[in-house]
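Here's the structure, in structure tokens; my notes come after.
We're numbering straight along the sequence, starting at 1.
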Amino acid sequence: QRVLHIGLGGGETTGYLAKLPIDLYLDVVELEPSIVEAAKKWFDLPSGLNIHVHTMDGVVFVKEAAAKGITYNSLILDAGSNSLNASIMCPHEVFLQEDVMAAMSKVIGALGVFTVNLYMPEDQERLQEEVTRKFAVHFSSCSALVISEASKQKFLMCTNRAGFDWSNQRDRMLAHLAAFDDVMGTKAAPRIDRLNPV
């Protein structure tokens, strides 16, 4: 499984992915060198032959990958804004440009999955719908799922498989999530099921 993760942060997601009991090839892209160094020094950023950290602009990386025809099974976008005035904190506004969204769609190919957390401090419901519509132009199917009952924060999942959305594939997705829970000792499936009735 080839995974592209844009936005390293403290490296928690990278560490979690590295623990999965599957064979992963992981490209991690982070703009700020200081973030990479902090993740290595303080958060035990994993390293290995199949984990590659690229200190560069995620927009440039994904455009270059698309131009070269490189594809991934999964693209995880976790790059947000540091501006306190941003109406959309995650994803960062540069990833909402039409050419960037088109490049991200291209790098997941016909069967891959693109995911991003949608975080807006205010006017959340309207902005979640607005961002979802933007991505839906470039992908065949998109589903925005509630992941927090308290904050109503959503997680956007898009793919280029027609009809592969929550309303049409809910049982299948929950079955996969339940299998993941069994392996990892988590309880995501029942929570996602409860928060996202069809």
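By the 4.5 Å heavy-atom criterion applied to side chains, L77 and V62 are not counted as neighbours. Counting heavy atoms from C-beta on, the side chains of V36 and L8 come closer than 4.5 Å. Residues W166 and M157 are not in side-chain contact: their nearest non-hydrogen atoms beyond the backbone lie 4.5 Å or more apart. Side chains of V113 and L75 form no contact here, defined as non-hydrogen atoms less than 4.5 Å apart.
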* To do: Any chance you could lay out the side-chain contact (heavy atoms from CB on, under 4.5 Å) test for V59 and I6, step after step, and finish with the verdict?
  => CA-CA 9 Å; V59 168; I6 300 176; over 6 Å; no
* **Full working for side-chain contact (heavy atoms from CB on, under 4.5 Å) between K63 and V100** => CA-CA 7 Å; K63 283 185 175 182; V100 180; 3.9 Å; yes
* Check the pair N160, L111 against side-chain contact (heavy atoms from CB on, under 4.5 Å), reporting the backbone distance first and the verdict last. => CA-CA 6 Å; N160 288 319; L111 300 176; over 6 Å; no
* To do: Would you sort out whether L145 and L195 count as a side-chain contact (heavy atoms from CB on, under 4.5 Å), showing the intermediate values?
  => CA-CA 8 Å; L145 303 179; L195 293 176; over 6 Å; no
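Closest approach of S148 and S151 over heavy atoms only: OG-OG, 3.0 Å. Nearest heavy atom pair, residue C142 against residue D165, reads O-CB, 4.2 Å. Residue S141 comes nearest to G163 through the heavy atom pair OG-N, 3.1 Å, listed as atom of the first residue, atom of the second, then distance. Heavy-atom minimum distance, P91 versus L118: CD-CD2, 4.0 Å. The shortest non-hydrogen separation linking T132 to A144 is OG1-CB, 3.8 Å. Residues H138 and M101 share a closest heavy-atom pair of CD2-CB, 3.6 Å.
Comment: E149 engages R194 in a salt bridge, judged by a side-chain N to carboxylate O separation of less than 4.0 angstrom. Using a cut-off of 4.0 Å between Lys/Arg side-chain N and Asp/Glu carboxylate O, E130 and R126 are scored as salt-bridged.
The neighbour count for Q97 CD, taken as heavy atoms of other residues, nucleotides or ligands under 6.0 Å away, is above 12. Within a 6.0 Å sphere centred on CD1 of I22, heavy atoms belonging to other residues, nucleotides or ligands number more than 12. For D182, the CG atom is densely surrounded, since the number of other residues' heavy atoms within 6.0 Å is greater than 12.
No hydrogens or angles considered: nothing links the side chains of S87 and D123 as a donor-acceptor pair under 3.5 Å. Checked by atom type, the side-chain pair D27/H5 shows no donor-acceptor distance below 3.5 Å.
With rounding to the nearest 0.5 angstrom, the CG atom of L156 is 10.5 Å from the SG atom of C90. With rounding to the nearest 0.5 angstrom, the OG atom of S143 is 9.0 Å from the CG atom of N196. Note that CD of E122 is 12.5 Å distant from CD1 of I88, once rounded to the nearest 0.5 Å. To the nearest 0.5 Å, atom OG1 of residue T115 and atom CD1 of residue I76 are 5.0 Å apart.
Checking Y72, F95, F135, F155 one by one against F114, the ring-ring contact (aromatic ring centres under 6.0 Å, His included) holds for a single residue, F135.
Note on L127 and Y119: separate hydrophobic clusters, where clusters join Ile, Leu, Val, Met, Phe, Trp and Tyr whose side-chain heavy atoms are under 4.5 Å apart, directly or indirectly.
With hydrogens and angles disregarded, no donor-acceptor distance shorter than 3.5 Å links the side chain of E32 to the backbone of S34. Remark: the backbone N or O of A189 is paired with a side-chain donor or acceptor of D181 at under 3.5 angstrom. A donor-acceptor pair under 3.5 Å is formed between the side chain of H92 and the backbone N or O of V94. Remark: the backbone N or O of I108 is not paired with any side-chain donor or acceptor of T71 at under 3.5 angstrom.
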